[in-house]
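Quick note on labels: first sequence line is chain A, next is B, and so on, each numbered from 1.
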Amino acid sequence: MSKGLPKRSDDYSAWYNELVKRADLAENSPVRGSMVIKPYGYSIWEKMQAGLDKMFKDTGHTNAYFPLFIPKSYLSREADHVEGFAKECAVVTHYRLKKSEDGGGVVVDPEARLEEELIVRPTSETVIWNTYKNWIQSYRDLPLLINQWANVVRWEMRTRLFLRTAEFLWQEGHTAHATKAEAEAETIQMLEIYAEFAEKHMALPVIKGVKTESERFAGAVDTYCIEALMQDGKALQAGTSHFLGQNFAKAFDVKFANQEGGLDYVWGTSWGVSTRLIGGLIMAHSDDNGLVLPPKLAPIQVVIVPIMKGKDQLVQLADQANKIASKLRDKGISVKFDDRDTHKPGWKFAEYELKGVPVRIAIGPRDLENGTVEIARRDTFEKQTVQVDEAPEVIFELMDEIQSNIYNKALNFRESHTTEVSTYDEFQDVLENKGGFVLAHWDGSSETEERIKEETKATIRSIPLNAEEEAGSCVYSGKPSKKKVLFARAY
RNA sequence: CGGGGUGUAGCGCAGUCCGGUUAGCGCACCUGGUUUGGGACCAGGGGGUCGCAGGUUCGAAUCCUGCCACCCCGACCA
């Protein structure tokens, strides 16, 4: 392990890339744009899955699994949907290889062309709605509330670990309802769940909003989203929830008999978050020393590092360490006791800081004498020495304190980097010199949105749900506007 | 698909201009020892089709030709 991470202030994206690799979260794989998620990174994903999955189940959803391959024809059933995804689909055309003529490996067997080519799912609306057609006959079959954990493939041109990869892991919820109101309520409910997860588990403050037409999910009537702000002043879309109206029901002919005996198309929603959240987690909290993880998602919450004077002392130190560890585990805290003698304490300190372990306990000969331990927290680097007996309670409380401190820090950053502007000069100035979210009036036209994007690289992240109604004029065109919308440069 | 760059040990690089011992350095790795309160030190050791294929030459990592791969910057996106 070589020392020193690039500094955020020198090169933010180099810092991010290096951090992901050095902290053992993920690495590139031979196929461009696809990544290996390493055990430490995957542990974070598992914690995210566990937290979200519980929230889904608590709101009546169940998991299922739909296939990776989708008949090509399905994709074209919903016009907007095809258009949105056609450019980035991986296509399976053959089902067999054979030895090459020159004997040096394998080639695609031209005889084995598929009659109908298959698409590797970029998202599953089409297969799922095609299936729902058979599952739904009556209002008694509704609502249908299903989620799946899966991988999807979108053939991206430019990729970055976690933030944008050709293959990524996510969950996608797909629900069907008897009424428009119910489907809309579901869409909002899931948005709320994502926001709660981001804020409570990831310690990531987010802004809930609705997308403009140009940013909307292909095939949706409305796309809601949560947007987070990263430390470099760029926005990250952290989750989306779509009200699909009857678009997919119509495309796949999913009708149900209502209570009055009539036949109606069902109303749909879909919603998802992906491994991109890990990228957001990293970029929101971490510092020049490495990851800073919120205790709720940290694979290891507490690490105990012994400081030895001679090998014989390890026994006593280990005894003390194990006692503390077991008390912490009783409180539901995950602990690692690192008794390797192949690395010095200083090396370990740096290592666990790089990996974002929220709390470190050091125990040395001095502590053994005094019956104390040293407790250091990752978020503030503060150290305190406490009596052994008090340590478990202190640490238990520290978990909550660190969790909320990280959240508050991110919230303060966002608040100090959210700027309301009324002129286009100001708008450009803020984007250029300060970054962050910019709140400004917008005339509601795609033309204006597009021009602003071309001129400033900033997009409308969302129309915030809590935006106040106020008369104003568009920052670009001067035309009348009823509310301010959220602009930023984004990932 | 345009513009730029790079391929030499697991990683990061030097050597290439100007061909000439056995291809070198740092990190990592292995062995032994001394160490351990903020990234230890000493000694020894292993590891290479120099991206691939041709060519020039007594001799090629180095020169020539062709190919391949990857990275960065621009047009798309959770």
task = May I ask you to decide whether A:Lys208 forms a salt bridge with A:Glu196, counting only side-chain N to carboxylate O separations under 4.0 Å?
result = no
ask   = In whole angstrom, what separates A:Gln313's CD from B:G37's P?
value = 12 Å
query = What is the ring orientation for A:Tyr132 with A:Trp129, classed by angle as parallel under 30°, tilted 30 to 60°, or perpendicular over 60°?
reply = perpendicular
remark   = Side-chain contact check for A:Pro345: nearest option of B:G38, B:U36, B:A78 is B:U36
request  = Give none if B:G20 has no partner; otherwise give the nucleotide forming a Watson-Crick or G-U wobble pair with it, both distances under 3.5 Å.
outcome  = B:C58
key: Option among A:Ile44, A:Ile278, A:Leu281 that satisfies the side-chain contact (heavy atoms from CB on, under 4.5 Å) test with A:Met202   = A:Leu281
message = Does A:Tyr491 reach a base, just sugar-phosphate, or nothing at all? Heavy atoms under 4.0 Å.
response = nothing
inquiry  = I'd like the P distance from B:U62 over to B:A9, given in whole Å.
reply    = 15 Å
inquiry  = At 4.0 Å (heavy atoms only), tell me whether A:Thr165 reaches a base, stays on the sugar-phosphate, or touches nothing.
reply    = base
note = Whole-Å distance, A:Leu277 CG to B:A78 P, equals 14 Å
request  = May I ask you to say what A:Gln237 touches in the nucleic acid, namely base, sugar-phosphate or nothing, with a heavy-atom cut-off under 4.0 Å?
outcome  = sugar-phosphate
Length of the CG-P vector between A:Leu354 and B:G38, whole Å = 19 Å
message = Measuring from the side chain of A:Glu353 (C-beta onward, heavy atoms only), which nucleotide among B:U36, B:G38, B:A78 has the closest atom?
response = B:G38
A:Ala350 side-chain proximity, nearest of B:G39, B:A78, B:U36 = B:G39
message = Tell me the interatomic distance from A:Ile361, atom CD1, to B:G37, atom C1', rounded to whole angstroms.
response = 15 Å
inquiry  = Classify A:Leu163 by what it touches in the nucleic acid, base, sugar-phosphate, or nothing, heavy-atom distance under 4.0 Å.
reply    = base
query = Salt bridge between A:Arg489 and A:Glu432, side-chain N to carboxylate O under 4.0 Å?
reply = yes
Polar side-chain contact A:Lys383-B:G38 base: donor and acceptor under 3.5 Å = yes
request  = Anything under 30° is parallel, anything over 60° is perpendicular, the rest tilted; go ahead and classify A:Phe168 against A:Trp170.
outcome  = perpendicular
key: Sugar-phosphate only, base, or nothing, as touched by A:Arg160 at under 4.0 Å among non-hydrogen atoms   = nothing
key: Separation between the P atoms of B:C50 and B:C76, rounded to whole Å   = 43 Å
task = Considering only atom C1', compute the distance from B:C72 to B:C25 and round it to an integer number of Å.
result = 27 Å
message = In this structure, how many angstroms lie between the P atom of B:C76 and the CD atom of A:Glu83, rounded?
response = 13 Å
task = Look through every strand shown and name the nucleotide pairing with B:G47 as Watson-Crick or G-U wobble, where both distances are under 3.5 Å.
result = none
request  = Apply the ring pair (Phe, Tyr, Trp, His ring centres under 6.0 Å) test between A:Phe217 and each candidate in A:Phe85, A:Trp271, A:Tyr224; give the one that qualifies.
outcome  = A:Phe85
message = Reading RNA chain B from 5' onward, which residue's closest nucleotide shows up sooner: A:Lys457 or A:Lys348?
response = A:Lys348
query = Between A:Lys87 (NZ) and B:A75 (C1'), how many Å, whole number?
reply = 12 Å
query = Touch check for A:Pro365, heavy atoms < 4.0 angstrom, all strands: base, sugar-phosphate only, or nothing?
reply = base
message = Could you tell me how far B:C41 sits from B:G59 if I compare only their C1' atoms? Round to whole Å.
response = 44 Å
query = For B:A53, which nucleotide in any strand shown is its Watson-Crick or wobble partner with both distances under 3.5 Å?
reply = B:U65
query = Expressed as a whole number of Å, how far does the P atom of B:A14 sit from that of B:C63?
reply = 15 Å
ask   = Quick one: A:Asp341 CG to B:U34 P, roughly how many Å, whole number?
value = 12 Å
inquiry  = Rounded to whole Å, please give me the gap between CG in A:Leu314 and C1' in B:U36.
reply    = 11 Å
query = Partner of B:C76 by Watson-Crick or G-U wobble geometry, both contacts under 3.5 Å, or none?
reply = none
OP1 or OP2 of B:G37 under 4.0 Å from side-chain N/O of A:Lys344 = yes
inquiry  = Within the supplied structure, the quantity of interest is the number of heavy atoms (other residues, nucleotides, ligands) at a distance under 6.0 Å from A:Lys327 NZ; does it exceed 12?
reply    = yes
query = Start at the 5' end of RNA chain B and walk down; is the nucleotide closest to A:Lys453 or to A:Ile307 reached first?
reply = A:Ile307
ask   = B:G51 and B:A61: how far apart are their C1' atoms, nearest whole angstrom?
value = 12 Å
message = If the threshold is 4.0 Å, N to carboxylate O, is there a salt bridge linking A:Asp232 and A:Lys234?
response = no
key: Rounded C1' spacing from B:G15 to B:U34 in Å   = 37 Å
task = Report the base-pairing partner of B:C41 (Watson-Crick or G-U wobble, both distances below 3.5 angstrom), or none.
result = B:G33
inquiry  = If I pick the C1' atom on B:G37 and the same atom on B:G26, what distance separates them, to the nearest angstrom?
reply    = 29 Å
